[in-house]
Amino acid sequence: MVRLKLSIVRNGLRQSGGRRAAYIASAVVVLLLAAFLLLGLLLLRGHPHAASVVVPLTAVLALGWAVMPLFSSSGDETLDATRLVLLPLRPRPLVRALLAASLVGIGPLFTLCLLTGSAIAVARGVAGAATAVVAVALALLTCVALARAVVTANTRLLSSRRGRDLAVVSGLVVAIGAQAVNFGVQRLGASGLAQLDPFAEVLRWVPPASAIGAVDAASDGAWGTAAVQLGLTAVALTLALRWWSATLTRLMTAPDSSTLQAAEPAAARAGRPPGGPVVARLLPHGRVRTVMERSLRYAWRDPKTRAALVVSLAVGLIVPLFNALQGSGSVYFACFAAGMLGSMMYNQFGQDYSGFWMVAMTISSPRDALRELWGRALALVSYAVPYSVLVCVATVAVLGEWGKLPEALGLSLALLGAMTATGAWASVRHPYSIPPEGNRNVAPGQVGLVWMAIFGGMAAAAVLSAPVIALTVWLHLAGHAAAWSWLLLPVGTAYGALLAVTGLRLAAPRAAVRLPEILAAVSKG
């Protein structure tokens with residue numbers, strides 16, 4: 001199996017010079033980074049808090065091995081077990097062979113360098129060195145086995161359309177991780193490595209970080225502790241291999257959608273309760289309900305709409321929360337959540353792609369257009385309002401300024417209502433098409449429309465929110481904030497709802513009149 005992987009990698013690199021150059025460049029960058037980190041870990045040797053650094057580092061490595069293959073599993077086709085289904089291979093020998101093949105690659109080499117540097121940083125004496133050899137091997141095998149088990153258990157998902165869409169949010173995960181690392185480095189630079197001691201004391205009993213903790217314990221002469229910690233990693237490795245073997249057997253023997261009847265049995269359809277899922281029953285009846293269901297399905301199923309939603313949710317939470325954790329934030333930063341989600345109201349018709357013509361055929365009057373816009377707006381509000389409340393509460397809780405929660409929440413809801421109103425108007429006045437394929441979100445020649453719709457709409461939303469902002473400023477300048485700031489919550493909520501209703505009612509007649517122009521604009525891509 002190792003020879004097979006090497007042959008496939010070698011033949012793949014022979015296909016083109018660009019692929020070969022990219023592979024070599026990535027290998028060089030990873031090896032240079034590994035060498036740099038290895039040098040840094042070696043410099044920690046003898047430091048009183050060295051274990052507090054290397055033990056959490058090993059836990060982060062294991063977490064990366066468990067999570068990242070879900071976003072990049074398609075990059076290693078040599079370990080796709082579904083390609084071996086027709087071969088007469090038993091599970092246990094196959095697991096051993098695939099485990100050996102998994103150890104060949106840049107990722108395992110990078111992990112080996114970090115684990116080796118971590119073990120050397122805490123190893124002292126012959127006992128520590130001997131334990132380090134076993135610990136590094138156990139930790140590396142556990143990381144690789146865990147990654148293979150996770151990928152095998154999710155192979156059917158990862159090979160589907162929805163699974164492939166996980167790659168859309170991989171960049172977001174990296175961005176969030178980078179922010180977390182940046183925040184952690186700043187805290188460590190200000191307070192020192194001693195802050196990691198409580199985390200290390202817990203993680204040294206969590207496999208595979210417990211293997212590195214065993215090296216530190218053996219160096220101190222705590223043989224019983226070292227044996228238990230090594231045993232925990234060995235048990236984790238055994239469980240990961242058993243899980244991998246079980247999922248591999250199920251993957252290679254259980255039927256999938258290609259071998260099952262595509263149509264649902266009539267008996268199953270007959271036994272389904274009328275009215276659809278429970279969530280659908282809570283929605284309004286009529287056209288508004290249909291539009292809401294369609295919009296919510298787009299937000300979950302369409303890759304570009306889902307990517308925009310995930311980015312809006314993440315940025316709306318990261319900006320206020322990270323600033324609050326760093327001590328430089330404000331409760332008003334919580335409005336980022338409402339602003340990011342409110343921006344999704346813009347270009348509502350373009351999100352339908354060329355299929356908007358089917359929607360356009362059902363709009364014959366301003367009343368139909370109003371119901372269409374109502375359904376789209378309510379679908380957005382159904383998750384934007386709860387999320388805005390959640391971000392406001394979380395930000396206020398971190399800052400400890402509970403007295404400012406009503407005004408922060410009132411401002412957020414007023415901003416959301418203003419962006420709903422301006423978004424509906426911009427969707428009607430300045431629609432643009434979104435190419436269904438590729439990574440482009442704007443069709444050629446429509447970039448100006450995007451700038452005009454989004455940034456013009458945001459500026460208008462800021463102007464429309466000015467009365468609530470002015471009331472907030474006046475209460476603070478007049479010294480009445482402590483007694484009357486609670487009024488900003490009902491005022492902001494009512495004002496935002498009034499703006500949203502007014503914007504939808506003004507945009508609906510124009511949508512009915514400009515339907516051919518909207519259809520032509522969103523179908524251009």
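When the shell of 6.0 Å around CH2 of W484 is examined, it contains 12 or fewer heavy atoms from other residues, nucleotides or ligands. Sparse packing is recorded around CZ of R505, with 12 or fewer heavy atoms of other residues, nucleotides or ligands lying under 6.0 Å away.
Note that the CE atom of M419 and the CG atom of L464 stand 11.0 Å from one another [nearest 0.5 Å]. In this structure, T111 OG1 and I106 CD1 are separated by 11.5 Å, a value rounded to the nearest 0.5 Å. Summarising the geometry, atom CG belonging to L61 is positioned 7.0 Å from atom CZ belonging to F110; distances are rounded to the nearest 0.5 Å.
Put simply, the side chain of L399 does not reach to within 4.5 Å of the side chain of K404, judged on heavy atoms. The shortest side-chain heavy-atom distance between L313 and Y387 falls under the 4.5 Å cut-off. Residues F336 and V391 have side chains not in contact (no heavy-atom distance under 4.5 Å, counting atoms from C-beta outward). When side chains are defined from C-beta on, C392 counts as touching L405, because their heavy atoms get closer than 4.5 Å. Within the 4.5 Å cutoff, no side-chain heavy atoms of L146 are placed close to those of W65.
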Take I120 and L41, measure what side chain to side chain contact (heavy atoms under 4.5 Å, CB included) needs, and give me the verdict at the end. CA-CA 8 Å; I120 294 176; L41 291 172; over 6 Å; no
For a side chain to side chain contact (heavy atoms under 4.5 Å, CB included) check, start with the C-alpha distance between R376 and D352, then their side-chain angles and the critical distance, and finish with the verdict. CA-CA 12 Å; R376 295 172 183 262; D352 294 347; 2.5 Å; yes
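Taking the six-membered ring where tryptophan is involved, the planes of F356 and F349 are tilted, since the angle between them lies from 30° to 60°.
Under the 3.5 Å distance criterion, with hydrogens and angles disregarded, a donor-acceptor pair is assigned to the side chains of Y346 and T422.
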